[in-house]
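What follows is a set of notes on a single structure, which appears directly below.
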Amino acid sequence: MTRKLSVAHLTAIDLPPPALIEAAAEAGLDGVGLRLLRVTPDSPGYPLTARADLQATRHALQATGLKVADVEFLRITPEFQLSEIAALLEVGAELGARHLITAPYDDDLSRLSDSLSTVAEAADRHGMRAVLEFFPWTSVPDLATCWQVVQQAGPLPGILLDTLHFDRSGSTLADIARIPADRFPFLHLADAPRQDSYTTEELLDTARRQRLIPGEGAIDLAAILAALPAGQPIGLEIPDAAREGMPVAQRLRLARQATLDLLARVDGPEA
């Protein structure tokens with residue numbers, strides 16, 4: 001079964017959406033994830049609230065035939081109010097995005113679930129499915145906790161499993177098996193070295209700057225993919241500081257080919 005491959009914006013976060021779309025198309029990918037909200041003080045977000053920016057992005061999508069796999073990412077905090085994301089939802093809907101990525105930044109997991117439920121209902125009204133991503137340095141540090149929060153939030157939200165965070169959180173293949181397949185609408189794929197333990201600084205630095213293309217690290221990506229739903233779409237989230245001097249389209253071609261080689265082992269030669 002052929003899988004759709006997109007590129008997450010963090011892979012080339014300095015490119016504005018039209019340039020990212022063009023590079024992804026040149027590399028032979030099917031879509032892009034777009035970071036519409038700023039996540040950290042030293043990395044950009046592209047809200048596309050200016051009509052010219054939105055039109056340029058839509059034109060790039062139309063010219064290349066690429067789709068918007070997701071928009072990201074909403075930090076759900078204790079102070080979260082749905083009114084804060086009205087523009088995000090409208091832009092995502094106008095671009096035809098399939099998913100809205102959310103992130104857990106509320107230590108009260110019951111309140112986090114309630115907020116996620118509210119976001120998921122709003123996203124659904126705009127033609128998107130909300131997904132919750134887990135990170136080892138947050139209040140939702142692993143897949144088991146993520147499932148607890150998502151399950152409490154009701155039937156709408158899904159889980160975004162990032163292979164890097166999955167591996168470094170101590171989550172297991174058995175954790176995947178306990179969760180209904182339809183809760184995993186897509187995943188983020190990256191490789192990395194492995195070690196016995198990690199500081200928070202190491203976790204953050206690898207996540208944001210030091211990921212590797214599939215096959216260059218030590219994560220058992222084949223086992224993770226085999227445990228997840230067959231044909232699941234993949235977002236390549238591979239910010240790689242060592243290759244920053246390489247043209248983005250060239251980096252994406254390398255990542256795409258490595259992913260196809262991996263999928264040939266997992267799914268068979270027609271993947």
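Every heavy atom of this structure was used, including side-chain atoms; hydrogens, water molecules and symmetry mates were not.
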Check for a donor-acceptor pair, side chain of Thr163 on one end and backbone N or O of Ala190 on the other, with a separation under 3.5 Å. yes

Working to the nearest 0.5 Å, report the span between CD1 of Ile13 and CZ of Arg38. 9.5 Å

Approximate separation, where rounding is to 0.5 Å, of His59 NE2 and Leu61 CG: 10.5 Å

Is the closest basic N to carboxylate O distance between Glu216 and Arg243 below 4.0 Å? yes

Criterion salt bridge (Lys or Arg N to Asp or Glu O under 4.0 Å) on Arg251 and Glu244, from CA distance to verdict: CA-CA 9 Å; Arg251 284 199 283 134; Glu244 284 182 350; over 6 Å; no

Is the shortest distance from a Lys or Arg side-chain nitrogen in Glu202 or Arg194 to a carboxylate oxygen in the other one below 4.0 Å? no

For Arg211, the option from Asp240, Asp191, Asp162 that meets salt bridge (charged side-chain N to carboxylate O under 4.0 Å, His left out): Asp162

For the pair Asp30 and Lys67, find out whether any cationic side-chain nitrogen is under 4.0 Å from an anionic carboxylate oxygen. no

Value for CG (Leu10) from NE2 (His188), rounded to nearest 0.5 Å, stands at 9.0 Å

If you measure from NE2 on His126 to CD1 on Ile85, what distance do you get to the nearest 0.5 Å? 8.5 Å

Which of these, His165, Glu201, Arg168, sits in a side chain to side chain donor-acceptor pair (under 3.5 Å) with Thr206? Arg168

Scan residues 170-183 for pairs that pass side chain to side chain donor-acceptor pair (under 3.5 Å), counting only residues two or more places apart or in two chains. Ser169-Ser171, Thr172-Asp175, Asp175-Arg178

State plainly whether one hydrophobic cluster holds both Val140 and Val131, where clusters connect Ile, Leu, Val, Met, Phe, Trp and Tyr through side-chain heavy atoms under 4.5 angstrom apart. no

Report the distance from atom OG1 of Thr2 to atom CG of Leu263, rounding to the nearest 0.5 Å. 10.0 Å

Is the shortest side-chain N to carboxylate O distance from Glu26 to Arg253 below 4.0 Å? yes

Linking I/L/V/M/F/W/Y whenever any side-chain heavy atoms sit under 4.5 Å apart, do Ile159 and Leu109 land together? yes

Are the side chain of Asp70 and the backbone N or O of Leu100 linked by a donor-acceptor pair below 3.5 Å? no

When you group the ILVMFWY residues by side-chain heavy-atom contacts below 4.5 Å and let the links chain together, are Leu74 and Tyr46 in the same group? no

Please find the pair of heavy atoms, one from Pro214 and one from Ala255, that lie closest to each other, and give the distance. CD-O, 4.5 Å

Could you give the distance from CG (Leu204) to OG1 (Thr199), rounded to the nearest 0.5 Å? 8.5 Å

Side chains of Thr40 and Asp42 only: does a donor on one sit below 3.5 Å from an acceptor on the other? yes

May I ask you to decide whether Arg111 forms a salt bridge with Asp106, counting only side-chain N to carboxylate O separations under 4.0 Å? yes

